[in-house]
Amino acid sequence: MAPPRLPPELIHDVAEEILLRVRPDDPADLVRASAVCKAWLRIVSDPAFLRRYRAFHRSAPLLGFLYQVDFEPSLRFVSTAEASPLPQSSAPVSGASSVLDSRHGRVLFTKTGSSNFLVWDPIADGWLELQAPELWHTFYSAVVLCAVAGCDHRDCHSGPFLVVYVGKDDLGNSICAYMYSSETHAWGTPVSAHLVDDVYFSGTDRAALVGDAIYWTVAPGDRILKYDLIKHCFSLIDGPNIYYEGGQILMQNEDGLLGLAGVSVSRLHLWSRMVNPEGVTGWVRQRVIKLKKILPNPKNKAYIHANVIGFAEGVGVFFMGTDVGTFTFELNSGRVRKVSGPGKYCPIFPFISFCTPG
């Protein structure tokens, strides 16, 4: 005997629950589902469903990463999904030069032949040119981030944003920060400070956003520069003071604190900056991961040459460069995927955003 047919309203509800569970890290799957029939297309195109979809999956997925090969003017994007809204080669924005940052669904570039910045929204395929701050510096870095307090960053790429520019010249120890607001369309009053030590940006590390502060690795030595976005002040922090031949990066740990990851002797070391019961702040090594157990070793070598070249905030994914290719490593699940062939991808800029038919 044939099973009883569901009422039409239940068919719609069941279909919606099924589509709600389509993984967001491969946008092509939801597009294919919308092509099955008109009823599914109406569901997937419904703004209410898309809001439920983003809320159900909690955090936006990693769609790929941008990088720039040394001595080459073109920017490139490597997709970690079967289909992606970003172009696969050349400059995705006309006139874009170097990538400075990628965060909260936006990408920040310098403009070719100019000191200005370009902010690109790949999902909406829109971009905005920003005039550079009046005072330019020899060493500088810039970060783009969502301007909405308390935002979960699931779908904030079209909302207001900030660009934080931090620069230092080579004539002294003074450092300066400017903040651009897309709501006022202007740079705010600069904040300057005089550091005890003479430092400069290495240019090979991406800044880390942890809570209400931005952190950069600065040279010389194992130092970290902090800029507080609320108090608008600078400070210098000592790192763990351990050399990692496989590179190191700053990151936000699972506990929401400032973290550091470094590779040494085929092991990934994870550190967290914590406060002990006596109120003293210091670095604590939390985990050591043997890379031989998670990365391919085709020649069965005793030692794997691997570098940690990036970290995707919000999704807990490391980018590991090896002699046989570049791999992503999901910290929570342990899942490893090869995302490109061998090459020098440092620094890399992960792109994280929902990409839905709506």
Applying the 4.5 Å side-chain criterion to the ILVMFWY set and letting contacts propagate, would Trp283 and Leu268 be lumped into a single cluster? no

Matching residue for Val22 among Val44, Leu30, Val31 - test: side-chain contact (heavy atoms from CB on, under 4.5 Å): Leu30

Could you tell me if Asn116 and Gln131 have a donor-acceptor pair between their side chains, going purely by distance under 3.5 Å? no

So Trp120 and Phe109, would you call those rings parallel, tilted or perpendicular, with 30° and 60° as cut-offs? tilted

Under the side chain to side chain contact (heavy atoms under 4.5 Å, CB included) criterion, do Lys292 and Arg267 qualify, and how do the steps go? CA-CA 8 Å; Lys292 284 185 63 178; Arg267 288 172 169 82; over 6 Å; no

Are Leu145 and Leu225 connected into the same hydrophobic cluster when the rule is that any two of I, L, V, M, F, W, Y join if their side-chain heavy atoms are below 4.5 Å apart? yes

Answer with yes or no after comparing the ring centroid distance for His104 and Phe161 against a 6.0 Å cut-off, counting only values under it. no

Leu236 and Lys226: side chain to side chain contact (heavy atoms under 4.5 Å, CB included), yes or no, with the steps? CA-CA 6 Å; Leu236 277 175; Lys226 173 184 177 181; over 6 Å; no

Of all heavy-atom pairs linking Phe117 and Ala142, the shortest is CZ-CB, 4.4 Å

Before we go on, tell me: are the rings of Phe65 and Phe351 under 6.0 Å apart, centre to centre? no

Can you confirm whether more than 12 heavy atoms, excluding those of Arg21, are under 6.0 Å from its CZ atom? yes

Do Glu330 and Arg337 meet the salt-bridge criterion of a basic N to acidic O distance under 4.0 Å? no

Taking the side chain from Ser34 and the backbone from Leu41, do they hold a donor-acceptor pair closer than 3.5 Å? no

Indicate, with yes or no, if Met179 and Ile175 share a hydrophobic cluster defined by side-chain heavy-atom contacts under 4.5 Å among Ile, Leu, Val, Met, Phe, Trp and Tyr. yes

With Lys293, which residues qualify under side chain to side chain contact (heavy atoms under 4.5 Å, CB included), at least two apart? Lys290

Hey, what do you get for CG (Leu258) to CD1 (Ile237), rounding to the nearest 0.5 Å? 6.0 Å

Determine, for Arg206 against Asp101, whether the closest basic-nitrogen to carboxylate-oxygen distance falls under 4.0 angstrom. yes

So CG of Leu270 and CE of Met251: to nearest 0.5 Å the spacing works out to 6.0 Å

Does the ring pair (Phe, Tyr, Trp, His ring centres under 6.0 Å) test come out yes or no for Tyr140 and Tyr165, once each step is laid out? CA-CA 7 Å; Tyr140 73 93; Tyr165 166 92; 5.6 Å; yes

State, without any angle test, whether Trp216 and Ser141 hold a side-chain donor-acceptor pair at a distance under 3.5 Å. yes

